[in-house]
Each structure stands twice: as C-alpha cells, then as structure tokens.
2 protein chains.
Amino acid sequence: MDGIASLITIDRFSPVPLYFQVATSLEDLIESGRLPAGSRLDTEVMLADRLGLSRPTMRQAIAHLVDKGLVVRKRGVGTQVVHSAVRRKVELTSLNDDLRRAQRSPRTEVLAFSVAPAPEHIAVALHLEPGADVITTQRLRYAEDEPLALMHNYLPAGVAPGLTAEQLGEQGLYQVLRTHGVQLRIADQTIGARRATAAEARLLGESRGAPLLTMQRTAYDHAGRAIEYGSHVYRADRYSFEVSLVAR
Amino acid sequence: MDGIASLITIDRFSPVPLYFQVATSLEDLIESGRLPAGSRLDTEVMLADRLGLSRPTMRQAIAHLVDKGLVVRKRGVGTQVVHSAVRRKVELTSLNDDLRRAQRSPRTEVLAFSVAPAPEHIAVALHLEPGADVITTQRLRYAEDEPLALMHNYLPAGVAPGLTAEQLGEQGLYQVLRTHGVQLRIADQTIGARRATAAEARLLGESRGAPLLTMQRTAYDHAGRAIEYGSHVYRADRYSFEVSLVAR
DNA sequence: GTCAAGCGTTTGTCATGACATACTGACGTT
DNA sequence: AACGTCAGTATGTCATGACAAACGCTTGAC
C-alpha cells in the first residue's frame with residue numbers, strides 16, 4: 001500500500017478538475033484489481049501530501065468514489081474498497097437505450113400519435129391544467145423481431161416542438177427528447193403486474209390473461225417540470241427490471 | 001427572498017453539525033412551501049455571510065439538499081428549488097418496514113426455517129463456496145389479514161448467530177438483522193412477473209395461474225459481503241413497487 | 001482473564017482566502 | 001432583427017490551517 005500515490009498521475013494544466021482526475025485514477029485502480037475489494041486506501045492526509053494536493057481536494061476525490069459506491073469511509077479507521085461487483089445502477093433510461101445496449105435489435109411500430117386535450121388522470125400525472133394539450137403516443141416495441149412491450153406515453157404539447165411519429169419509429173423517446181434539448185433528471189416509477197387484456201394479448205403475441213409486467217412513470221427535468229408520463233406493459237417472460245438500491 | 005437567513009436558526013453549542021442544521025432548516029422551508037418549487041435561493045455567499053458561517057460550510061449544507069434532490073445548482077445562475085413532489089425514494093427496506101409504515105397490520109407466518117448446505121444457485125448468489133451452510137427461511141406475509149407475499153430468504157450461516165424462527169415471526173428480516181448488528185447497504189434487485197404455481201396460489205389465496213409480481217434480491221453490507229438472497233412473490237393486485245430514479 | 005481508560009490514528013467539521021468557469025443580460029454593430 | 005461582445009453574477013475549484021469526534025489497540029488495574 002506504499003506506492004498507490006505513485007500510480008496516480010495528475011495533469012495540472014488539464015481543464016479536468018484535479019479532484020476528478022484523482023477520482024478517475026483511483027476508480028481505474030479499483031476496477032483493474034490493483035486496489036482489491038476489502039483493501040484499505042492510504043489515508044486522505046497521506047495521499048494529499050504525496051500527490052501535492054490540498055486535503056479538501058483529496059477529500060472531494062474520495063467523496064466522488066463514495067457517491068459511486070466504490071469505497072466506504074469510517075472515522076478513526078480509514079477508507080476501504082467495497083465489493084467490486086456492487087455498483088450503483090440507478091439509471092434513467094428508455095427501453096430503446098436498454099435494448100440497444102443489450103444488442104437485442106430493437107424495433108418500434110408507432111400505433112398512434114396525436115395531440116389532444118389531456119384526460120383527467122394524465123393531466124394530474126403531468127401536473128397540467130385540465131384540458132391542456134398533450135402529445136399521446138402508442139408504440140409496440142420489438143426485440144429480435146418479437147413483440148416485447150406496449151407503451152403509452154404522454155408529453156405536454158410544448159415540450160418537444162416538431163416531434164413526429166417518424167422520429168419515434170426510429171429512435172427511443174428519450175433519445176428524441178435529448179435531441180430536442182430536453183434533459184430528464186428524475187422519474188417516479190411504479191412497477192406491478194396484471195393479466196393481459198384481449199387487445200394487449202393480441203398485440204403482444206400472448207394468450208389472453210397472460211401475466212404482464214407493468215410500469216407507470218412520470219419523468220421530470222432539472223427544474224422539476226413533468227416532461228413525460230408513460231404507462232407500459234411488458235411480456236413477463238421476456239422482460240424484467242434490474243434495480244440497485246443503496247441505503248443511506 | 002430578503003429574509004431567508006432570518007428564518008434559519010443554528011445552535012452553535014448543539015452537537016449537530018452546523019451544515020446539517022442549516023440543511024434541515026432549508027428542507028423544512030421547502031417542505032412547508034415557504035421556499036416554493038421553482039424559487040431561487042439566496043446565493044451561497046450571501047447566506048453564509050448572513051448566517052455567520054464559512055462558505056464551504058454553507059456549500060456543504062446545500063450539497064446535502066442537492067443529494068436529496070430538493071434543489072439544483074447552476075454555475076453563474078444560482079440555486080433553485082426543485083419540484084416539491086419529487087424526492088429520492090431509493091430505499092433499502094424490508095417488506096415489514098414498508099407495511100408498518102403504511103399501517104397495513106403486517107403479520108408473518110414462518111413456514112420453514114432450517115440450516116443446510118446451500119443449493120448451487122444460492123451459493124452463487126451469495127458468493128459462497130459450494131456446500132457452505134445457509135439459513136433458509138420461507139415466510140407467508142399477511143397485510144390486513146390477507147396473504148400478500150410468499151418469501152424465500154437465504155443467509156450465510158454465520159451472519160446472525162442465534163437467529164430463530166420466532167424472531168422472524170415477530171419482526172421483519174432486516175429488523176432482526178439490525179438487532180444482530182448487521183447493516184445492509186446495497187442491494188441488487190430483479191423485478192418481474194409470472195403465473196402462480198398451484199402451491200403458491202393456494203398459499204396466497206389466488207386462483208391458479210394468477211399473475212404474481214416477483215422480486216429476487218441480493219443484499220450486501222458495508223464491506224460488500226453478500227448478506228442475504230431473497231426470492232419473493234407478491235399478489236399483483238395487492239402490491240407494486242415504487243422506485244425513484246435519478247439521472248447523473 | 002476481563003474490563004476500562006488512555007493514546008494514537010483517521011475521518012469529519014469548520015474557517016479564511018483566492019482564482020476560474022459558466023451563465024445571463026445589456027449594449028453595440030451590422 | 002440578429003449576432004457578437006462584454007460586464008456582472010454565481011457557482012466551482014483549490015489552498016492552508018485547526019479542532020473535534022469516532023475507532024481500534026494497548027496497557028494497567030482488579
């Protein structure tokens with residue numbers, strides 16, 4: 001544990017903040033196994049001294065790792081690397097992003113796309129005035145040429161000017177929003193299950209009454225404005241949610 | 001926006017850190033509506049000056065609120081209150097905690113409790129050597145005198161010495177672990193759905209083939225050791241998961 | 001052998017001070 | 001009207017310095 005600081009390089013002329021460079025280097029050391037799970041880091045005082053940094057800067061680098069769940073700190077004891085298999089996996093992504101990442105050949109069929117006054121429960125979910133216009137979309141999502149999910153999504157009418165059904169056919173909803181300059185930050189999700197209706201079963205290629213995994217979601221941007229409400233159903237035998245939880 | 005600092009009281013002789021006192025006060029102001037969603041906080045420099053604190057201390061208080069999703073910060077602009085309905089709800093809790101909080105009269109019937117060598121897939125989930133002893137439990141959980149969930153849980157044998165079936169009948173698993181000095185920190189969950197088997201349907205009071213919400217979970221302690229693997233099924237018409245996601 | 005106190009270690013908290021960067025609005029020019 | 005520039009504003013980064021609190025280990029007393 002004597003030469004950890006010697007494995008960390010920092011470029012004082014780089015525009016990348018010093019704390020971030022150090023955090024990244026430490027993260028690489030952890031991922032590579034050079035700092036294995038359970039091992040103790042040198043003290044923040046020692047690392048700062050050897051790297052020629054101030055202690056608060058070193059603390060900020062380590063705090064970054066704590067936030068990522070890579071290390072834990074204990075007063076009087078030190079800083080320890082957490083189990084390497086454990087990561088924070090809380091992600092706000094769309095199904096398209098997920099499937100593309102998993103290389104499951106996503107394809108989308110837009111079944112409906114319209115702008116109309118919001119039904120009551122949609123206006124409530126999106127924190128809109130009753131009767132406010134929303135974009136309503138209905139899409140059937142395929143993976144590897146099999147139906148996977150049926151999705152209803154609603155967006156306030158002004159959120160993505162010029163949004164078209166064609167765009168939704170080619171890209172995921174969140175990707176389209178990103179190209180319109182909309183950044184989603186937080187989402188509240190409810191995950192459940194129920195039987196498929198006859199219409200859903202037909203579209204998804206399941207038998208009537210088959211179990212579906214359901215998810216309703218309201219997504220907000222950085223200023224807390226509701227940007228999207230989604231109500232999705234997935235074929236239970238083909239999809240599940242992976243969620244990581246962290247205790248504070 | 002002129003008197004925010006005058007609404008914040010700090011006790012310099014309290015053992016509670018100053019930054020935490022300020023963060024708590026600001027949080028109260030936000031929750032009460034005195035600092036409504038969308039409003040701008042006074043600058044960190046001004047607040048620090050008026051409260052007689054150093055700027056880094058003020059920054060730490062505000063960072064605490066950022067972490068909680070209550071405010072967002074933008075360089076050159078300032079600090080703004082986020083939509084008040086949005087909170088980070090990422091929590092590592094047991095069903096018992098959830099139901100007690102929701103005042104749904106939780107009750108537990110322990111169907112099985114034993115210590116035996118771990119089956120292959122359990123040893124893998126708990127990162128144990130094949131054949132290592134695990135505590136195996138099976139519980140039927142009730143809410144308001146109706147069956148709600150059927151749970152199988154597995155713990156490495158040495159995790160909670162003296163753990164008994166009686167304890168599990170009276171308290172939730174995580175509460176029991178806490179009294180044994182075990183602190184859970186991170187969990188990986190998979191949420192899905194499927195049809196109930198005949199045995200499950202009988203225990204849960206559902207018809208055969210009814211949709212069940214499923215969840216598998218491996219929970220880890222602060223040092224990253226796997227502490228518990230759980231495989232749970234819930235009646236879909238009586239339970240759903242609430243998950244909040246935050247984009248980084 | 002056991003328990004408590006003390007000490008060394010390490011992180012946590014807090015302060016003063018200074019410079020850099022990103023953002024917004026106003027103003028001037030084309 | 002549109003675009004570019006600049007100044008003011010606010011957060012972000014970094015530094016030096018000091019004290020407090022929690023933890024683990026060692027030693028001494030019983």
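Chain letters run A, B, ... following the sequence lines, proteins first and then strands; every chain starts at 1.
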Exercise. Going by heavy atoms in the side chains, are Ile10(B) and Val22(B) under 4.5 Å from each other?
Worked result: yes

Problem set entry | Whole angstrom value for the distance that separates C1' of dT9(C) from CZ of Arg40(A) | 11 Å

Exercise. Between Leu53(A) and Gly76(A), which has a closest nucleotide on DNA chain D that is more 5'?
Worked result: Leu53(A)

For this session: Let me know, please, whether Gln60(B) or Pro56(B) comes out on the 5' side of the other along DNA chain C by nearest nucleotide.
Result: Gln60(B)

What nitrogen or oxygen pairs link the protein and nucleotides 18-20 of chain C at under 3.5 Å?
residue	atom	partner	partner atom	Å
dA18(C)	N6	Arg55(B)	NH1	3.2

Seminar exercise, completed: The residue, Val77(B) or Lys74(A), whose nearest nucleotide of DNA chain D is more 5′ is Val77(B)

Exercise. Is there side-chain contact between Leu53(B) and Leu18(B), with heavy atoms separated by less than 4.5 Å?
Worked result: yes

Exercise. Among residues 13-23 of chain B, which contact DNA chain C at a heavy-atom distance under 4.0 Å?
Worked result: Pro17(B), Leu18(B), Tyr19(B)

Problem set entry | Any pair counted as salt bridge (Lys or Arg N to Asp or Glu O under 4.0 Å), so long as it reaches residues 12-22 of chain A, sequence neighbours left out | none

For this session: Please report the shortest heavy-atom distance between Pro156(B) and Val134(B), naming the atom on each side.
Result: CA-CG1, 4.2 Å

Exercise. Does a side-chain N or O from Arg73(A) land closer than 4.0 Å to OP1 or OP2 of dG12(C), or not?
Worked result: yes

For this session: Return the minimal non-hydrogen interatomic distance between Ala48(B) and Ser54(B), and the atom names on each side.
Result: CB-O, 3.9 Å

Exercise. Does Ser32(B) reach the main-chain N or O of Leu29(B) with its side chain, forming a donor-acceptor pair under 3.5 Å?
Worked result: yes

For this session: Using ring pair (Phe, Tyr, Trp, His ring centres under 6.0 Å) as the criterion, list what pairs up with Phe113(A), not counting sequence neighbours.
Result: none

For this session: Look at the side chain of Gln21(A) and the backbone N and O of Asp11(A), then say whether any donor-acceptor pair between them is shorter than 3.5 Å.
Result: yes

Exercise. Can you pull the contact range of chain A along DNA chain D, 5' to 3', using atoms under 4.0 angstrom from its heavy atoms?
Worked result: dT13(D) to dG24(D)

Problem set entry | Rounded distance in Å - CD (Gln80(B)) to C1' (dC23(C)) | 14 Å

Exercise. Hey, are Asp28(B) and Arg34(B) close enough for a salt bridge, meaning a charged N less than 4.0 Å from a carboxylate O?
Worked result: no

Seminar exercise, completed: Residues at least two apart in sequence or cross-chain that pass salt bridge (Lys or Arg N to Asp or Glu O under 4.0 Å) with Arg55(A), listed by chain then number, are Glu44(A)

Problem set entry | Glu228(A) vs Thr218(A) side-chain heavy atoms within contact, under 4.5 Å | no

